[in-house]
Amino acid sequence: MTEKKRTTIVLFSGDYDKAMAAYIIANGAAAYDHEVTIFHTFWGLNALRKEEEVKVNKGFIETMFAKMMPRGADKMGISKMNFAGFGPKMIKHVMAKHNAMTLPQLIEMAQEQDVKLVACTMTMDLLGLQQEELLEGIEYAGVAAYLADAEEGHVNLFI
């Protein structure tokens, strides 16, 4: 019996296009029967935020972070040519024209393929994010859990 291949991705970036790349690679690896983990940390956690506002108790700084960060994958900006928010609209228009999947659709596909989506608990604490504000069906862990997966990984990426 052959050993199952493992792919791990650290998603640090909060840019729409970089998150899309992470999810395209993750879905591709899952389709090739890899066990896949995406560890979302810092701005990459925005891909896991629910789009609707969730009422939770927060301090002043945590409330400010929540207001400044995009709420959900579809609200993330792009890394180049953002043009005050017009860039993401342009790229989404081009994607729709070419029937490309959106980031929220790629996240849903990853969940259907049992890609392990992990939210970094330390970063959640730093940014004041609570589990209720993130998507259903994800896991919560620290860097030690990611390292355990990465140690056995055949492909380890940082995006």
Side-chain angles (χ1 to χ4, degrees), residues 1-52 54 65-66 69-82 87-88 91-159:
M1 184 174 141
T2 61
E3 179 186 2
K4 190 159 188 159
K5 299 239 185 233
R6 293 183 122 180
T7 296
T8 67
I9 300 170
V10 173
L11 182 56
F12 176 86
S13 176
D15 295 324
Y16 188 92
D17 48 326
K18 292 177 184 176
M20 275 196 65
Y23 274 91
I24 289 168
I25 293 166
N27 281 308
Y32 279 99
D33 205 29
H34 286 217
E35 286 181 21
V36 183
T37 299
I38 304 177
F39 185 76
H40 301 75
T41 189
F42 283 91
W43 316 121
L45 280 169
N46 290 319
L48 298 178
R49 287 186 77 193
K50 292 178 180 173
E51 288 189 21
E52 69 275 4
V54 178
F65 269 129
M69 295 187 309
R71 188 175 291 120
D74 214 32
K75 303 276 190 310
M76 296 164 72
I78 57 176
S79 61
K80 304 280 185 207
M81 300 181 289
N82 198 42
I91 195 72
K92 288 173 189 174
H93 172 74
V94 170
M95 288 169 55
K97 184 176 171 184
H98 291 277
N99 295 317
M101 294 180 81
T102 64
L103 180 55
Q105 290 169 327
L106 289 168
I107 293 170
E108 186 177 324
M109 177 189 271
Q111 289 181 305
E112 289 168 2
Q113 293 195 87
D114 295 323
V115 170
K116 185 162 71 169
L117 305 181
V118 181
C120 176
T121 52
M122 183 202 73
T123 304
M124 287 176 65
D125 289 344
L126 290 174
L127 299 179
L129 288 171
Q130 297 176 24
Q131 290 186 13
E132 297 84 2
E133 297 176 90
L134 302 182
L135 301 176
E136 305 297 322
I138 64 173
E139 298 181 27
Y140 300 89
V143 71
Y146 167 74
L147 289 172
D149 283 348
E151 189 172 47
E152 297 177 21
H154 296 87
V155 178
N156 298 303
L157 304 172
F158 185 93
I159 299 175

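The shown structure was predicted, so the numbers you read here are calculated from the model rather than taken from an experiment.
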Within 6.0 Å of NZ in K92, more than 12 heavy atoms from elsewhere: yes
Got a sec, which residues hit side chain to side chain contact (heavy atoms under 4.5 Å, CB included) with I25, two or more places apart in sequence or on another chain? I9, L157, I159
Ignoring hydrogens, what is the shortest heavy-atom contact between A100 and Q105? Give both atom names and the distance. O-OE1, 4.3 Å
If the condition is ring pair (Phe, Tyr, Trp, His ring centres under 6.0 Å), which residues does F39 pass it with, not counting sequence neighbours? Y146
Could you tell me which residues satisfy side chain to side chain contact (heavy atoms under 4.5 Å, CB included) with E136, sequence neighbours excluded, listed by chain and number? K50
Any sub-3.5 Å donor-acceptor pair from R49's side-chain atoms to P70's backbone N or O? yes
Euclidean distance, I107 CD1 relative to L48 CG, rounded to 0.5 Å: 6.5 Å
How many angstroms lie between CE in M95 and CG in L103, if you round to the nearest 0.5 Å? 8.0 Å
Which value, rounded to the nearest 0.5 Å, describes the distance between D74 atom CG and N46 atom CG? 13.0 Å
Kindly determine whether Y23 and L11 satisfy side chain to side chain contact (heavy atoms under 4.5 Å, CB included), including the steps that lead there. CA-CA 9 Å; Y23 274 91; L11 182 56; 4.2 Å; yes
Where the side chain of E133 meets the backbone of Q130, is there a donor-acceptor pair that is under 3.5 Å apart? yes
Closest non-hydrogen atom pair, A29 against T7: CB-OG1, 3.8 Å
Indicate every side-chain donor-acceptor pair of residues 114-122 with a distance under 3.5 Å to a residue at least two apart or in another chain.
{"from": "K116", "atom 1": "NZ", "to": "D149", "atom 2": "OD2", "distance (Å)": "2.8"}
{"from": "T121", "atom 1": "OG1", "to": "A141", "atom 2": "O", "distance (Å)": "3.4"}

For E132 and V54, the nearest pair of non-hydrogen atoms, with its separation, is O-CG2, 3.6 Å
When rounded to the nearest 0.5 angstrom, what distance separates CG in D15 from CE in M20? 13.0 Å
Taking only residues two or more places apart in sequence or in another chain, which ones pass side chain to side chain donor-acceptor pair (under 3.5 Å) with Y16? none
Which residue pairs satisfy the salt bridge (charged side-chain N to carboxylate O under 4.0 Å, His left out) criterion with at least one member in residues 19-39, sequence neighbours excluded? K4-D33, R6-E35
I'd like to know whether M69 forms a side chain to side chain contact (heavy atoms under 4.5 Å, CB included) with L129, so could you lay out the CA-CA distance, the side-chain angles of the two residues, the decisive distance to 0.1 Å, and finally the verdict. CA-CA 11 Å; M69 295 187 309; L129 288 171; 4.1 Å; yes
Counting heavy atoms not belonging to E151, are there more than 12 under 6.0 Å from its CD? no
Test L127 against W43 for side chain to side chain contact (heavy atoms under 4.5 Å, CB included), laying out the working first. CA-CA 9 Å; L127 299 179; W43 316 121; 4.0 Å; yes
Kindly say whether L106 contributes a backbone atom to a donor-acceptor pair with the side chain of N27 at under 3.5 angstrom? yes
Nearest heavy-atom neighbours spanning A22 and I38: O-CD1, 4.4 Å
Intermediate values then yes/no, side chain to side chain contact (heavy atoms under 4.5 Å, CB included), Y32 and K5: CA-CA 9 Å; Y32 279 99; K5 299 239 185 233; over 6 Å; no
Residues A66 and R71: closest non-hydrogen pair is O-NH2, 4.5 Å
Rounded to the nearest 0.5 Å, how far does CD of Q131 lie from CD1 of I138? 7.5 Å
